[in-house]
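Below is one structure, written out as C-alpha cells, with a few remarks after it.
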Amino acid sequence: MLLATDCAAYACGEFHERFLRDKALAIACPKLDDGQEQYLEKLAIAKAAAERAERRVPVKAIVLSVEGEVLAEEWV
C-alpha cells in the first residue's frame with residue numbers, strides 16, 4: 001500500500017517505477033484538502049497496527065522535494 005500526495009507523481013518522473021510498482025495507491029492532498037487531522041490520525045493508526053501485527057509489516061516514510069528528489073527516507 002502506498003499513500004502519496006496527488007502531486008508526487010508530477011514532481012517525480014520515476015514515481016511509478018520507483019514507488020508504485022506492485023502496490024495499491026491511496027492519494028491525498030494535505031495542502032488543499034479539508035480535515036488534514038484525519039490524515040495524521042489514519043497514519044498513526046496504520047503505524048500502531050503495523051507494530052501490533054504478528055508478522056513484521058514494514059512502514060517507510062519518504063519525503064520528496066517539489067523537484068521530485070528524495071529528501072528523507074525513514075523506516076517508522
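- Scored by the side-chain contact (heavy atoms from CB on, under 4.5 Å) test, Val59 finds Ala50, Val76 as partners (sequence neighbours excluded).
- Residues that satisfy the salt bridge (Lys or Arg N to Asp or Glu O under 4.0 Å) test with Glu14, not counting sequence neighbours, are Arg18.
- Legend: residues meeting side-chain contact (heavy atoms from CB on, under 4.5 Å) with Val63, ordered by chain and number and at least two apart, are Leu71, Ala72.
- Summarising the hydrophobic clusters (Ile, Leu, Val, Met, Phe, Trp, Tyr; side-chain heavy atoms under 4.5 Å, direct or chained), the residues clustered with Val57 are none.
- Nearest heavy atom pair, residue Cys12 against residue Gly68, reads SG-O, 3.8 Å.
- As a member of the Ile/Leu/Val/Met/Phe/Trp/Tyr network built from side-chain separations under 4.5 Å, Phe15 groups with Leu2, Phe19, Leu20, Leu25, Ile27, Ile62, Leu64, Val70.
- By the 4.5 Å side-chain criterion applied to Ile, Leu, Val, Met, Phe, Trp and Tyr, Met1 is assigned to no cluster and stands alone.
- Annotation: side chain to side chain donor-acceptor pair (under 3.5 Å) contacts involving residues 55-70, sequence neighbours excluded, comprise Lys60-Glu73, Ser65-Glu67.
- For the side-chain contact (heavy atoms from CB on, under 4.5 Å) test, no residue two or more places apart in sequence or in another chain qualifies with Glu37.
- Residues Lys47 and Leu43 have side chains not in contact (no heavy-atom distance under 4.5 Å, counting atoms from C-beta outward).
- Within 6.0 Å of NZ on Lys23 lie more than 12 heavy atoms contributed by other residues, nucleotides or ligands.
- Contact detail for Ala28 and Leu3: the closest heavy-atom pair is CB-CD1, 4.4 Å.
- Partners of Ala48 by side-chain contact (heavy atoms from CB on, under 4.5 Å), not counting sequence neighbours, listed by chain and number: Arg52.
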